[in-house]
Amino acid sequence: MYIDVWATWCGPCNAEIPHLKKLEEEFEGRNIYFVSISCDDSRNAWERFVQVKQLGGI
């Protein structure tokens, strides 16, 4: 399991997104789960960010 804690306002977190997407592609079909947890206070900010950055997941 890979756990990532992030926030929309966090510069280093935003810089990690392309690397995380690549890592998810590399491990596709393997026995690993990627869990990204946002610590944003605003659900609206989080939802907009996920849409704009085209982040997958549930």
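This one's a predicted model, so the numbers in the text were calculated from it and none came from an experiment.
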*Asks:* Can you check whether Trp9 and Phe49 have ring centres sitting under 6.0 Å from each other?
*Replies:* no
*Asks:* Is there a side-chain contact between Leu20 and Ser36 in this structure, where contact means two heavy atoms from C-beta onward sitting under 4.5 Å apart?
*Replies:* yes
*Asks:* Measuring from atom CZ of Arg48 to atom OG1 of Thr8, what distance do you get when rounded to the nearest 0.5 angstrom?
*Replies:* 8.5 Å
*Asks:* Using side-chain heavy atoms (C-beta onward) and a distance below 4.5 Å, is Tyr2 in contact with Leu23?
*Replies:* yes
*Asks:* For Glu26, look at atom CD and say whether over 12 heavy atoms of other residues, nucleotides or ligands are found less than 6.0 Å away.
*Replies:* yes
*Asks:* For residues Ile17 and Leu55, determine if any side-chain heavy atom of one lies less than 4.5 Å from a side-chain heavy atom of the other.
*Replies:*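 Yes, their side chains come closer than 4.5 Å.
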*Asks:* About how many Å separate CZ of Phe27 and OH of Tyr33, when rounded to the nearest 0.5 Å?
*Replies:*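 Answer rounded to 0.5 Å: 15.0 Å.
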*Asks:* Verify the cluster assignment for Ile3 and Trp6: are they in a single hydrophobic cluster under the rule of side-chain heavy atoms below 4.5 Å apart?
*Replies:* no
*Asks:* List the atom of Ala45, the atom of Ser42, and the distance in Å for their closest heavy-atom pair.
*Replies:* N-OG, 3.0 Å
*Asks:* Return yes if a side-chain donor-acceptor contact under 3.5 Å exists between Asp40 and Ser38, otherwise no.
*Replies:* yes
*Asks:* Charged N to carboxylate O below 4.0 Å: is that the case for Lys21 and Glu25?
*Replies:* no
*Asks:* Hey, could you give me the CD/CG distance between Glu24 and Asp4, rounded to the nearest 0.5 Å?
*Replies:*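 Separation between the atoms: 9.0 Å.
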